Amino acid sequence: MAESAELILDGKSYSFPVTEGTEHEKAIDIAKLRDQTGYITIDSGYKNTGATKSAITFLDGEEGILRYRGYPIEQLAEQSSFLEVAYLLIYGTLPTQAELDNFSHQITKHTLVHEDVRKIFDGFPSAAHPMAILSSLICSLTAFYPESVSPDLSKEEIDLNVIRLMAKISTIAAWTYKNNMGHPLNYPRNDLDYCSNFLYMMFSFPTEKYEIDPRIVSALNKLLILHADHEQNCSTSTVRLVGSANASLYGSVSAGINALWGPLHGGANQEVLEMLQAIQKDGGDTSKFIAKAKDKNDPFRLMGFGHRVYKNFDPRAKIIKKAADDVLSALGINDPLLKIAQELEQAALTDEYFIERKLYPNVDFYSGIIYRAIGIPTEMFTVMFALGRLPGWIAQWKEMRENKEPIGRPRQVYTGELERDYVGIEQR
Ligand code: MLT
């Protein structure tokens, strides 16, 4: 007999079906709750709310498991490339060599942006945060491709938007940095692979030759893979919600970029690095900051520890910690911030206070150190996260459209004034 959940309200019993995922996660399907009972559920922050059924990413927060389309993150980070993982997330299967070649070729062909996009840069203050420019310019792509706003896009039209967005985001992202620095903007080079081309556009000058370091390319591939999807996090839920109104892929992703910019979400790795720099500036005594973190009267917060869904450890952090060690030793960098980070990590992993509260280093804790080692400035960290997260956003948007999900429209419990009569201004 199919499992169901009984709910008793005002002495009356109601039954709701239980739905089960392929990994045996169970959910009570309350789609008919309001119709049948007049009640809604309330779940601030959606901690217990499954907003959708999705076949893209599986995450088990208790066991520290993360898989894209069934493949463990550890295997993908070690053996795959960012574009291959992007294909996997978006289309559901690992590509054959021909499929991957075609996907890469299509993306490479679309890396140029319209010259009018370039002109928009002139309208931004040169000190603008790169995330502000990135989200605006990604949104502006809807103006260049207005046909992307339609309820009935064909598979070919969706694919074209996917390719365009994957291609143009790296050009726009690199340009946000160049604009910020007041450097000339570099056009993409179609003879380079995705990550090499991005590094070239970021770091090359017309005045001197830029050597692309394969160790940096490999570290970048790994970082982007680790960030590529994370099921229904804040920015992804935003992309799906905006997309559910049949907004364009560009507009939906632009909204996701804004969500990611928030310091509680993608802005966290920038905050980690700023915290490590502040500790260094203060003399580097990590025990002092550990004590501050434990003092509830002290406003200091240890950034990059704990995670909303991982209860024991963040599997991405394990991979990224090793990658940080490898990159720094391969590049011969002796970063004092890494030493501070390691001391904080050690202290937190052995201190009862942190153990009890499940405060272990998360993915943001080490990613900033690698980005710094490969020359990416702090204010670009969240842009790098967006670059990595793009295939996830696209895959989730595409799944939502293909499954013909209805427009998202949460309800509320109203707590305001009861009906009252308008009072003229002279009587107030
Ligand atoms: C993410 O990768 O999106 C972050 O870890 C945040 C989250 O999943 O809630």
Side-chain angles (χ1 to χ4, degrees), residues 23 25 43-52 54 56-69 71-74 76-77 82 85-86 89 131 134-135 222-243 252-273 301-321 323-324 358-371 381-397 399-400:
E23 288 282 352
E25 290 170 303
D43 181 22
S44 180
Y46 312 121
K47 290 194 195 74
N48 301 289
T49 298
T52 189
S54 177
I56 301 170
T57 289
F58 173 69
L59 187 167
D60 182 331
E62 276 70 32
E63 299 297 327
I65 293 173
L66 176 61
R67 296 186 202 127
Y68 298 160
R69 302 284 190 183
Y71 297 101
I73 189 66
E74 293 79 6
L76 294 170
F82 177 58
V85 167
L89 285 166
M131 284 296 271
L134 186 70
S135 68
K222 196 168 277 190
L223 279 161
L224 297 183
I225 291 172
L226 291 177
H227 285 96
D229 197 41
H230 212 232
E231 51 118 291
Q232 306 310 317
N233 59 82
C234 177
S235 55
T236 302
S237 301
T238 303
V239 170
R240 286 187 88 124
L241 188 62
V242 173
S252 310
V253 165
S254 164
I257 293 173
N258 281 307
L260 190 74
W261 188 8
L264 290 181
H265 189 5
N269 57 7
Q270 175 169 343
E271 298 218 326
V272 169
L273 209 94
R301 276 186 61 211
L302 212 45
M303 303 305 297
F305 282 78
H307 192 279
R308 177 81 173 266
V309 288
Y310 291 119
K311 295 298 166 224
N312 293 312
F313 67 96
D314 180 339
R316 300 168 300 174
K318 274 196 175 173
I319 304 170
I320 228 163
K321 173 179 157 46
K358 301 188 188 302
L359 293 173
Y360 48 81
N362 61 33
V363 69
D364 303 312
F365 190 65
Y366 281 102
S367 60
I369 294 190
I370 308 189
Y371 283 135
F381 287 1
T382 325
V383 172
M384 301 307 295
F385 194 159
L387 208 60
R389 185 52 54 88
L390 181 66
W393 287 332
I394 293 176
Q396 303 268 352
W397 184 93
E399 177 180 69
M400 182 265 311

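Note: hydrogens, waters and symmetry copies are ignored here, and every other heavy atom, side chains too, is used. As the structure is a prediction and not an experimental result, all values here were calculated from the model. Ligands are counted one by one from 1 in listed order, and the atoms in each one are counted from 1 as well.
Annotation: side chain to side chain contact (heavy atoms under 4.5 Å, CB included) contacts of A395 (sequence neighbours excluded): I56, L89, I90. Residues satisfying the side chain to side chain contact (heavy atoms under 4.5 Å, CB included) test with N312, not counting sequence neighbours, are K358.
Closest approach of G256 and V239 over heavy atoms only: CA-CG2, 3.7 Å.
Side-chain contact check for S54 and E399: at least one donor-acceptor pair (N or O, by modelled atom type) lies under 3.5 Å.
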Contact table ligand 1 N or O to protein N or O, d under 3.5 Å:
residue, atom, partner, partner atom, Å
ligand 1, 2 (O), H230, ND1, 3.4
ligand 1, 2 (O), R316, NH1, 2.8
ligand 1, 2 (O), R389, NH2, 2.7
ligand 1, 3 (O), R389, NH1, 2.9
ligand 1, 3 (O), R389, NH2, 3.4
ligand 1, 5 (O), H307, NE2, 2.6
ligand 1, 5 (O), R316, NH2, 2.9
ligand 1, 8 (O), H230, ND1, 2.6

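Listed by first and then second residue, the salt bridge (Lys or Arg N to Asp or Glu O under 4.0 Å) pairs that reach into residues 57-68 are E23-R67, sequence neighbours excluded.
Taking the centre of each ring, F385 and H230 stay at or above the 6.0 Å mark.
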